[in-house]
2 protein chains.
Amino acid sequence: MNRPGLRERKKIETLHRMQGEAMRLFEEQGYDETTIEQIAAAAGVSPSTFYRYFPTKEDVVVQDEYDPMIVAAFQDQPEGMAPIEALRTALRVLFGQFTPEDMERVRKRVDIIVSVPAVRARQVQQSVATERLISEMVAERTGRDATDLEVRHFAAVLVASWTAGVIAWSDGGLGEDLMTIMDRCLDHLERGVPL
Amino acid sequence: MNRPGLRERKKIETLHRMQGEAMRLFEEQGYDETTIEQIAAAAGVSPSTFYRYFPTKEDVVVQDEYDPMIVAAFQDQPEGMAPIEALRTALRVLFGQFTPEDMERVRKRVDIIVSVPAVRARQVQQSVATERLISEMVAERTGRDATDLEVRHFAAVLVASWTAGVIAWSDGGLGEDLMTIMDRCLDHLERGVPL
DNA sequence: GACATTTTGATAGTAACTATCATTTGATAG
DNA sequence: CTATCAAATGATAGTTACTATCAAAATGTC
């Protein structure tokens with residue numbers, strides 16, 4: 001069996017070091033004021049290496065490994081469960097595994113995503129991929145086609161709901177925790193967003 | 001009263017010429033393969049002038065004058081009307097004023113928005129502004145606060161629904177017209193996106 | 001026609017990103 | 001342990017979007 005190996009371990013370590021140093025520099029001097037050269041230098045690598053790990057500067061903030069976890073948690077839910085309910089439960093399970101440090105990291109990232117337009121834009125590109133993922137999972141679950149208007153609409157609206165929740169959580173200070181806000185958003189959505 | 005004047009007329013003309021030439025070049029040789037220098041040259045202006053009209057290359061596709069029209073049409077709707085219904089009607093009114101040529105132009109723009117990630121990202125930044133606009137209009141109408149979670153959630157989800165509709169329309173070939181698709185999306189949303 | 005103001009053009013510079021090739025480092029077989 | 005191969009890194013040069021600044025031209029006003 002393929003044990004991790006020094007090579008792979010070093011790569012992961014380098015990746016995390018670059019992300020860590022980048023976040024530190026962003027906090028200290030701002031996103032736009034930080035160059036890739038600085039990030040690379042702080043992490044002890046060349047700019048070339050930076051670009052091998054992150055296709056764009058924005059990715060150093062946006063990139064994470066949560067998507068496959070969500071997919072797994074979603075598919076763990078029982079067949080008969082309604083899609084929106086399955087997703088809610090999946091998120092609950094995922095958050096349950098997060099340490100407070102994880103949450104703090106997420107919050108810092110979201111802060112930048114919300115406040116730097118270019119990063120937010122990049123995040124949205126990610127969301128498009130997530131939408132497709134949801135469309136496919138939901139299509140499989142309901143026996144519909146993934147290109148069906150209502151399936152795609154469901155995915156788009158759900159991602160928007162989720163995003164709105166995260167943003168509200170991030171700039172809402174320490175008011176409520178993320179899951180509570182998410183529940184309120186999903187409830188509101190299920191009722192047809194009445195006002 | 002301020003009559004248009006030669007100066008303003010020329011500016012509008014220059015703006016439209018740049019957008020027109022840009023769209024032509026994008027169609028002919030692709031978005032990424034077209035430089036701002038080329039667009040400026042084709043429109044008979046300097047690159048400096050291009051940047052005075054459009055802050056980014058993406059804006060030449062994304063920028064339009066529809067937002068204020070939507071706001072106006074929305075505020076024309078009777079007080080008592082539910083927000084989602086008022087918006088639906090406002091859109092219907094707006095589309096009614098569009099010529100087939102307008103629609104063709106919109107479709108070409110949407111094609112690029114959907115297919116070029118950078119442009120789509122820029123469009124999303126616009127959408128964030130639109131969300132805020134909707135939040136404020138809805139807040140005024142319902143007597144709530146514009147920073148209220150449910151108000152912001154409503155705006156976010158509504159913009160997502162609308163966007164999903166436009167995208168489906170754009171790559172759905174000549175199947176249905178935009179307003180029909182929009183109606184289906186808004187209906188689906190009002191019912192709580194059941195599947 | 002003279003003057004003020006707005007719009008444009010030209011120039012130089014920064015930084016993100018790409019492409020390419022030589023160099024180093026970790027994995028592997030003998 | 002060494003020789004060899006593959007993967008990862010570094011260095012270099014170049015393109016292009018975008019910024020800042022100042023001089024020149026076009027337009028509006030008296």
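Lettering of chains follows the sequences in order, A, B, ..., and the numbering in each one begins at 1. Source: prediction; values computed, not measured.
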Check your understanding: With a non-hydrogen cut-off below 4.0 angstrom, is B:Tyr53 in contact with a base, only sugar-phosphate, or nothing?
Key ->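 The answer is sugar-phosphate, as B:Tyr53 gets under 4.0 Å only of primed atoms, P, OP1 or OP2.
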Please determine, for the side chain of [X], which listed nucleotide ([options]) has the closest atom?
{"X": "B:Thr14", "options": "D:dA17, C:dT8, D:dA26", "answer": "C:dT8"}
{"X": "A:Ile36", "options": "C:dA16, D:dT27, D:dA8", "answer": "C:dA16"}
{"X": "A:Arg7", "options": "D:dG10, D:dA7, C:dA16", "answer": "D:dA7"}
{"X": "B:Tyr51", "options": "C:dT6, C:dA16, D:dT19", "answer": "D:dT19"}

Review point. Going by modelled atom types, is there a donor-acceptor pair between the base of D:dA11 and the side chain of A:Ser48 at under 3.5 Å?
Key: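 Side chain to base: pair present.
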Identify the two heavy atoms, one from [X] and one from [Y], that lie closest to each other, and give their separation to 0.1 Å.
{"X": "B:Gln38", "Y": "B:Glu33", "answer": "OE1-O, 3.6 Å"}
{"X": "B:Val151", "Y": "B:Ala146", "answer": "CG1-O, 4.0 Å"}
{"X": "B:Tyr31", "Y": "B:Lys57", "answer": "O-NZ, 3.1 Å"}
{"X": "A:Asp102", "Y": "A:Phe98", "answer": "OD2-CA, 3.7 Å"}

Exercise for review: Check the pair B:Glu101 / B:Arg105 against salt bridge (Lys or Arg N to Asp or Glu O under 4.0 Å), numbers first and verdict last.
Suggested key: CA-CA 6 Å; B:Glu101 293 80 42; B:Arg105 255 195 299 278; over 6 Å; no
Can you tell me the distance, in whole Å, between the [atom1] atom of [X] and the [atom2] atom of [N]?
{"X": "B:Lys57", "N": "D:dT19", "atom1": "NZ", "atom2": "P", "result": "15 Å"}
{"X": "A:Arg9", "N": "C:dA27", "atom1": "CZ", "atom2": "C1'", "result": "13 Å"}
{"X": "B:Met18", "N": "C:dT7", "atom1": "CE", "atom2": "C1'", "result": "12 Å"}
{"X": "A:Lys11", "N": "C:dA27", "atom1": "NZ", "atom2": "P", "result": "12 Å"}
{"X": "A:Ile12", "N": "D:dA8", "atom1": "CD1", "atom2": "P", "result": "12 Å"}
{"X": "B:Lys10", "N": "C:dT7", "atom1": "NZ", "atom2": "P", "result": "12 Å"}
{"X": "B:Glu58", "N": "D:dC18", "atom1": "CD", "atom2": "C1'", "result": "11 Å"}
{"X": "A:Gln38", "N": "C:dT14", "atom1": "CD", "atom2": "P", "result": "14 Å"}

Check your understanding: DNA chain C in dot-bracket, Watson-Crick or G-U pairs under 3.5 Å, [ ] crossing, | other strand?
Key -> ||||||||||||||||||||||||||||||
Review point. Which residue lies toward the 5' end of DNA chain C, A:Arg52 or A:Thr35, if each is placed at its nearest nucleotide?
Key: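 Going by which nucleotide is closer to the 5' end, it is A:Thr35.
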Just list the side-chain donor-acceptor pairs under 3.5 Å for residues 126-133 of chain A, sequence neighbours left out, or say none.
from: A:Ser127; atom 1: OG; to: A:Gln123; atom 2: O; distance (Å): 3.2
from: A:Thr130; atom 1: OG1; to: A:Asp67; atom 2: OD2; distance (Å): 3.2
from: A:Thr130; atom 1: OG1; to: A:Gln126; atom 2: O; distance (Å): 3.2

Point to revise | Summary of salt bridge (charged side-chain N to carboxylate O under 4.0 Å, His left out) pairs that have at least one residue in residues 116-126 of chain B, sequence neighbours excluded | key: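 Listed by first then second residue: B:Asp59-B:Arg122.
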**Study point:** Contact under 4.0 Å: A:Thr49 side-chain N or O vs D:dT9 OP1/OP2
**Key:**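 Answer is no, no contact under 4.0 Å.
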